Amino acid sequence: MLISDYWLRAILFFIVATLAVLNGVSADDDVIDYRLPSAVVPTHYTLYLHPELDTGNFTGQELISIKVVEATKQIILHSNKLTITSVYVLNREVDKYELDPVREFLIIDLVEELTVDATITLGIVFGGESQNKLVGLYSSSYQTPAGQQRKIATTKFEPTYARQAFPCFDEPEMKATFNISVIHPSEGSYDAVSNMNKIETQNLGENTMATFGMSVPMSTYLACIIVSDFEKKTSTVRANGIGEDFEMGAYATPHQLSKVDFALDFGVAVTEYYIQYFKVPYPLPKLDMAAIPDFASGAMEHWGLVTYRETALLYDDDYSSTANKQSIAGTLAHEITHQWFGNLVTMKWWNDLWLNEGFARFMQYKGVNAVYPDWGMLEQFQILSMHSVLIFDAKLSSHPIVQKVESPDEITAIFDTISYDKAGSILRMLENLVGSEKFEEAVTNYLIKFEYGNTVTDDFLTEVAAVFSDLDVKQLMRTWTEQMGYPVLNVSRSNAGFTITQQRFLSNKESYNEEAEASEFNYKWSIPVTYILDTFASGEVKDLIFDYNLDAAGIEVDNDVKWIKMNVHQTGYYRVNYDSILWEVINNQLIEDPSRFDIADRAHLLNDAFALADASQLAYSVPLEMTSYLAQETDFVPWYVAASKLQSLKSSLQYTDSYSSYLTYARSILANVYSEVGWTVDADNHLRNRLRVSVLTAACSLGLPDCLSQAAQRFTTFVQNPTAANRPSPDLREVVYYYGMQQSSSESNWEKLLEIFKAETDASEKLKLMYGLSGVQDAQLLYRYLELATDESIVRSQDYFTCVQYIAGNPVGAPIVWEYYREQWPQLVERFGLNDRTLGRLIASITANFASEVKLEEVQYFFSKYPESGAGASSRLQAIETIKYNINWLQENSDEITTWLSGKL
């Protein structure tokens with residue numbers, strides 16, 4: 001009898017809990033030690049892998065060179081979902097071996113004790129399945145233009161999935177060198193690639209064995225192989241005196257090879273920038289990129305062989321939008337940063353994941369900006385990275401940047417917006433504090449000092465402190481890395497100037513009444529404060545440090561100063577709330593002359609004002625009055641903030657008496673900019689195109705008649721005759737497909753769009769069409785869409801959760817998805833597993849707009865019915881907290897907004 005992963009985990013949990021109780025330990029206590037013992041460490045793997053493309057199985061064997069650090073009679077390493085057929089140790093006798101499925105250990109007992117400093121060789125023969133999963137060593141496939149199905153095999157090991165491909169010491173600190181050999185079919189244009197360059201090919205008849213050069217020391221999660229018939233384009237990366245030149249390659253399915261040109265050109269340019277910025281050579285002989293048809297993440301930074309979803313690497317003018325182009329550049333810049341931050345220098349344990357992901361997030365914006373300075377990426381960091389995490393981190397369900405994790409579920413869950421976006425924001429703040437030159441010097445020193453090694457947070461901060469001694473950087477940074485959340489600075493006018501106090505910012509005022517996790521710093525921060533005054537010359541900025549142990553800070557100014565604007569360019573990770581008179585003066589200045597504040601500061605003022613009002617810390621009239629300045633706004637970044645907020649207010653007010661009045665007002669705010677941007681895409685104006693899509697999306701969402709009419713007209717023309725000439729510009733497709741479908745909502749048009757979606761082979765276009773299908777207003781069609789999404793021949797597994805979220809984002813679809821999710825939970829767990837962090841986060845996404853006690857009780861009941869949450873534990877807390885916030889928001893703000901609107905209309 002086959003037992004699903006879900007029930008197997010449940011049974012194992014029960015066994016462990018029972019044993020714990022029998023031994024006098026509470027089942028709630030952390031009784032499982034998931035860490036490998038420190039008695040032995042690997043130094044080298046000789047690994048042979050044979051993915052059988054036809055059967056979906058794989059076999060392998062390996063020799064692991066091991067150094068003995070402590071005397072022991074056991075060798076313990078990781079193995080999960082593998083069949084072990086042979087275990088031996090050269091010149092030693094194995095007593096027995098067994099698998100521990102809870103800790104995912106392979107435990108090998110030896111007859112004689114191993115002595116300290118001994119070197120041994122462990123041999124293992126093993127096999128496994130590569131089908132119906134997107135982690136470990138797994139199968140993928142694609143269809144050629146001629147209709148032929150082609151199979152490939154590839155790997156995805158981060159964070160704890162290498163153990164599903166070969167038994168290994170699957171912890172980041174246990175670095176070793178690798179010699180990898182891969183067996184692949186000799187026919188059908190198949191070949192194999194891996195982290196290192198190929199050094200030998202051996203013909204075995206039906207199969208061929210490719211052997212690759214010895215790697216540098218690296219963690220197991222960075223190993224990678226691909227067996228495919230992909231084709232490749234190459235270019236040369238010029239090291240310009242820092243190391244050697246090397247080849248960059250880009251792989252794709254043969255019929256899509258032309259789509260790698262943009263990625264290859266950008267990849268070369270940004271890599272050359274990083275070499276000069278880090279001043280550390282790239283140590284491998286090549287750096288390849290590959291577009292994988294099925295891939296769980298957006299991309300993965302394997303050393304020397306970075307793998308991507310097709311949407312994250314392939315670019316085609318006929319299908320890819322301006323946003324797609326920017327996303328590809330950002331993803332490449334992120335993954336290539338990892339070749340230094342993460343690969344060359346790796347965190348010791350997943351607690352310090354931010355040293356990998358925070359740096360990659362921070363540097364990706366610098367990298368794209370270096371190649372495309374006209375894209376405004378340094379300002380876009382605010383809206384795309386910082387603003388979203390400020391929302392997440394204002395909840396009690398957040399967590400510190402440095403977070404203790406142990407189990408595989410906890411490890412995968414920490415790959416979240418805190419480890420990426422908050423960490424990147426803190427680095428941005430730190431660079432602004434110490435200066436870009438000293439920051440860059442510290443980065444170089446850190447990479448050189450710890451190359452091929454492992455680090456903790458203090459190691460990096462030590463290097464920063466060494467080049468910047470003006471203040472205690474370590475102590476300042478501890479207040480940001482070791483406690484969750486962030487402060488709001490309350491600013492008021494005083495006789496001598498301005499007085500500043502700080503408190504933790506929480507989005508729901510009811511959260512202040514709940515007990516927070518203990519913090520050494522009592523939720524106070526050492527804050528790098530920057531500010532400008534109305535009397536300052538353009539570009540003049542002053543700063544101070546507001547230490548965490550001070551009750552208040554003061555800024556002395558002359559009597560003729562009218563206003564202060566703090567957190568210049570929003571480089572600080574905090575919010576600012578002014579007293580009512582200061583808000584009024586700032587607002588008047590914004591209306592009188594918006595250019596007095598630069599792009600980043602205008603976006604910051606809008607973002608903070610709405611966030612503070614949402615949290616009941618500011619009268620809602622303040623941000624609403626601020627929107628009147630938007631008639632003069634022409635820049636993308638501030639409009640992105642405004643357009644996003646106008647749409648979220650629509651969702652919040654949907655079932656209130658002020659909904660109709662609000663739509664009337666919001667449409668009036670958008671009317672001018674909507675007319676100004678129009679529907680004609682600019683050939684060579686990146687930010688203008690980004691502005692256009694942001695405005696059109698908001699205008700259609702808020703029901704601007706002309707916008708809906710234009711979308712419907714273009715949509716009807718296309719679905720009735722789906723030729724290339726009738727297809728909208730790539731930048732306009734999401735707006736046209738979704739709102740055109742919304743306005744039509746006929747079953748025949750939906751069926752036509754579904755057939756177009758099924759036939760489409762371009763991955764980015766497929767996502768646009770997928771989004772369009774979710775716009776239909778027919779509940780039966782949306783339910784059918786949910787059912788169709790479970791068919792992997794229609795919606796790939798990698799896109800399933802995106803599809804479900806699209807449907808849930810439609811007010812008609814939200815209750816359908818919630819009902820479906822509750823009914824299908826056991827089947828979803830069986831298909832994806834509780835360790836899938838995307839499944840875990842789905843609950844917070846589909847319940848994000850719930851705003852009633854009834855819905856809160858439904859969610860709480862669901863959690864009690866299915867208490868095992870896996871990698872979704874924090875997402876469950878977030879879902880509950882968000883619903884409570886939504887309920888409170890309506891109680892606090894709806895009447896005030898109604899009153900304000902009645903005075904405007």
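We number each residue from 1, following the sequence as shown. On a predicted model such as this, the values are computed, not experimentally measured, just so you know.
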Looking at S875 and G840, would you say the former's side chain and the latter's main chain have a donor-acceptor pair under 3.5 Å?
yes
Using a 3.5 Å distance criterion without hydrogens, assess whether the side chain of R493 forms a donor-acceptor pair with backbone atoms of T499.
no
For Y771, enumerate each residue passing the ring-ring contact (aromatic ring centres under 6.0 Å, His included) test, keeping only those at least two apart in sequence or located in another chain.
Y738, Y806
CG on L476 to CD1 on I426, rounded to 0.5 Å:
9.5 Å
Quick check for you: to the nearest 0.5 Å, what is the distance between S507 atom OG and I391 atom CD1?
9.0 Å
For K884, is there an ion pair with E510 - N to carboxylate O distance below 4.0 angstrom?
no
All heavy atoms of G485 vs all of Y573, minimum pair found to be O-CE2, 4.2 Å
How about N549: does its CG atom have over 12 heavy atoms from other parts shown lying under 6.0 Å from it?
yes
I'd like to know whether CG of L544 has more than 12 heavy-atom contacts from other residues, nucleotides or ligands below 6.0 angstrom.
yes
Between D614 and W889, do the side chains contain a donor N or O and an acceptor N or O under 3.5 Å apart?
yes
E540 atom CD: more than 12 heavy-atom contacts under 6.0 Å:
yes
Of all heavy-atom pairs between A844 and A879, which one has the smallest distance, and what is that distance?
CA-CB, 4.0 Å
Could you tell me whether Y821 and F862 have their ring centroids closer than 6.0 angstrom?
yes
Answer yes or no: does atom CG of N495 have more than 12 heavy-atom neighbours from other residues, nucleotides or ligands under 6.0 Å?
no
Donor-acceptor pair, S694 side chain versus R690 backbone, under 3.5 Å?
no
With sequence neighbours left out, write down each residue that passes ring-ring contact (aromatic ring centres under 6.0 Å, His included) with F536, or none if nothing qualifies.
none
Side chains of Q483 and E517: any donor to acceptor distance under 3.5 Å?
no
Apply side chain to side chain contact (heavy atoms under 4.5 Å, CB included) to V529 and D543, showing your working.
CA-CA 5 Å; V529 176; D543 59 76; over 6 Å; no
Flag the pair R688 and E676 as a salt bridge only when some basic side-chain nitrogen lies within less than 4.0 angstrom of an acidic carboxylate oxygen.
yes
Does one side chain, of N522 or Y548, offer a donor that lies under 3.5 Å from an acceptor on the other?
no
Are more than 12 heavy atoms from other residues, nucleotides or ligands located less than 6.0 Å from atom CG of D560?
yes
Quick one: is the NZ or CZ of R504 closer than 6.0 Å to the six-membered ring centre of Y523, and within 45° of its axis?
yes
With sequence neighbours excluded, what pairs up with E482 under the salt bridge (Lys or Arg N to Asp or Glu O under 4.0 Å) test?
R478
Which side-chain hydrogen bond (donor to acceptor under 3.5 Å, both in side chains) pairs, counting each pair once, include a residue from residues 659-673, with sequence neighbours left out?
T627-Y665
Please report the interatomic distance OG(S651) to CG(N849), rounded to the nearest 0.5 Å.
5.0 Å
Polar side-chain atom of R602 near backbone of F597 as donor-acceptor pair, under 3.5 Å:
yes
Does the S648 side chain pair with the main chain of K645, one donor and one acceptor, at a distance under 3.5 Å?
yes
Pair S397, Q878: side-chain N/O donor-acceptor within cut-off below 3.5 Å:
no
Please name all residues satisfying side chain to side chain contact (heavy atoms under 4.5 Å, CB included) with S675, sequence neighbours left out, ordered by chain then number.
none
What are the two closest non-hydrogen atoms of N810 and S774, and how far apart are they?
ND2-O, 2.9 Å
Plane angle bin for F359 and W354 - parallel if under 30°, tilted between 30 and 60°, otherwise perpendicular:
parallel
Check D393 against H399 and note the closest heavy-atom contact, atom names and distance.
OD1-O, 4.4 Å
Where L489 and I500 come nearest, the two heavy atoms and their spacing
CB-CG2, 3.9 Å
From I887 atom CD1 to L890 atom CG, the distance as rounded to the nearest 0.5 Å
8.5 Å
Between K650 and L663, does a side chain to side chain contact (heavy atoms under 4.5 Å, CB included) hold up when you go through it step by step?
CA-CA 7 Å; K650 173 197 168 189; L663 289 181; 4.1 Å; yes
Is there a side-chain contact between K524 and P487 in this structure, where contact means two heavy atoms from C-beta onward sitting under 4.5 Å apart?
no
L384 vs D421, test: side chain to side chain contact (heavy atoms under 4.5 Å, CB included). Steps then yes/no.
CA-CA 9 Å; L384 301 181; D421 300 301; over 6 Å; no
Side chains of H334 and E357 only: does a donor on one sit below 3.5 Å from an acceptor on the other?
yes
Could you note down all residue pairs passing side-chain hydrogen bond (donor to acceptor under 3.5 Å, both in side chains) where residues 561-572 supplies at least one of them, sequence neighbours left out?
Q382-Q570, H387-Q570, N432-T571, W563-Q589, K565-D601, K565-H604, H569-D598
What's the spacing between K542 NZ and L533 CG if we round to 0.5 Å?
7.5 Å
Using modelled atom types and a 3.5 Å cut-off, is there a donor and acceptor pairing between side-chain atoms of S894 and backbone atoms of Q891?
no
Are there over 12 heavy-atom neighbours, none belonging to K474, within less than 6.0 Å of that residue's NZ?
yes
Expected output: side-chain Q805 to main-chain L842 donor-acceptor under 3.5 Å:
no
Chi angles and distances behind the salt bridge (charged side-chain N to carboxylate O under 4.0 Å, His left out) call for E858, K855:
CA-CA 5 Å; E858 287 179 2; K855 288 300 181 187; 3.3 Å; yes
Atom pair CG/OG of N587 and S628 - distance to nearest 0.5 Å:
6.0 Å
Tell me, please, whether Y420 has R361 positioned over its six-membered ring: NZ or CZ under 6.0 Å from the ring centre and within 45 degrees of its axis?
no
Looking at E625 and K904, does any basic side-chain N land under 4.0 Å from a carboxylate oxygen?
yes
Consider only side-chain N and O atoms of T322 and D731, and report whether a donor and an acceptor are under 3.5 Å apart.
yes
Measure from the side-chain N and O atoms of N607 to the backbone N and O of V641, and report whether any donor-acceptor pair falls under 3.5 Å.
no
Can you check whether Y620's main-chain N or O pairs, donor with acceptor, with E896's side chain at less than 3.5 Å?
yes
Check whether any side-chain N or O of S419 sits under 3.5 Å from a backbone N or O of L353 as a donor-acceptor pair, and report yes or no.
no
Above 12 or not: heavy atoms from other molecules or residues under 6.0 Å from CG of D657?
no
Answer with yes or no after comparing the ring centroid distance for F850 and Y885 against a 6.0 Å cut-off, counting only values under it.
no
Which pair of non-hydrogen atoms, one from T838 and one from F801, has the smallest distance, and what is that distance?
CG2-CD1, 3.5 Å
Ring centroids only, cut at 6.0 angstrom: are W583 and Y578 within range, meaning strictly under it?
yes
May I have the step-by-step check of side chain to side chain contact (heavy atoms under 4.5 Å, CB included) for L606 and L630, ending in yes or no?
CA-CA 10 Å; L606 283 165; L630 290 169; 4.2 Å; yes
